Amino acid sequence: IYGRGRRNLAEKFGLWVWLCPDHHEFGRAAVHSGSTEGKENDRLLKIISQKAFEQKYGYSKWMELFGKSYL
C-alpha cells in the first residue's frame, strides 16, 4: 500500500510482499505497470492486506490509518 505516506504504515504492520521484477514493475501483470492486469493484481494485494489487518486490528483502525477501504 503506497502513496500519501501509507507505505511506511504498510511496512510497519507487515503489509508487503516480495515481488519479482515482472510482477513489480516490468511485466504485463506488474502492479506498477498501469495495465489492466497490473491494476487488478495491485487491488488484489490491497484486499488481502486489508483483510489480514482487520482480523487483528479491526475495520475502524484500518480506516483511521489508511483512510480507504479496498473491500
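The first residue in the sequence is number 1, and the count goes up from there. Because the structure is predicted, anything quoted here is derived from the model rather than measured.
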Between Arg28 and Ser33, what is the shortest heavy-atom contact and its length?
O-OG, 3.6 Å
Beyond-backbone contact of Tyr70 with Lys68, side-chain heavy atoms, under 4.5 angstrom:
yes
Are Glu54 and Lys51 close enough for a salt bridge, meaning some N to O gap below 4.0 Å?
no
Would you check, one step at a time, whether the test side chain to side chain donor-acceptor pair (under 3.5 Å) holds for Gln50 with Ser69?
CA-CA 8 Å; Gln50 183 175 346; Ser69 177; 3.1 Å; yes
Can you hop from Ile47 to Tyr59 via hydrophobic side chains spaced under 4.5 Å?
yes
Straight-line distance of Asp42 CG to His23 NE2, nearest 0.5 Å:
13.0 Å
Within the distance-only criterion (no hydrogens, no angle test), does the side chain of Asn41 pair as donor or acceptor with the backbone N or O of Val31 below 3.5 angstrom?
no
More than 12 non-hydrogen atoms from neighbouring residues, nucleotides or ligands closer than 6.0 Å to CD on Glu64, yes or no?
yes
State, yes or no, whether a side-chain contact exists between Trp62 and Phe13 at a heavy-atom distance under 4.5 Å.
no
Joint cluster assignment, Phe66 & Tyr57, ILVMFWY side-chain distance < 4.5 Å
yes
Same cluster (ILVMFWY, side-chain, under 4.5 Å), Leu71 and Ile48
no
Which pair of heavy atoms, one from Ser49 and one from Leu15, lies closest together, and at what distance?
O-CD2, 3.7 Å
Measure across Leu9 and Leu65 and return the closest heavy-atom pair with its distance rounded to 0.1 Å.
CD1-O, 3.3 Å
Looking at side-chain heavy atoms only, is the closest gap between Glu40 and Leu44 below 4.5 Å?
no
Parallel, tilted or perpendicular for Trp18 and Trp16, by the 30°/60° rule?
perpendicular
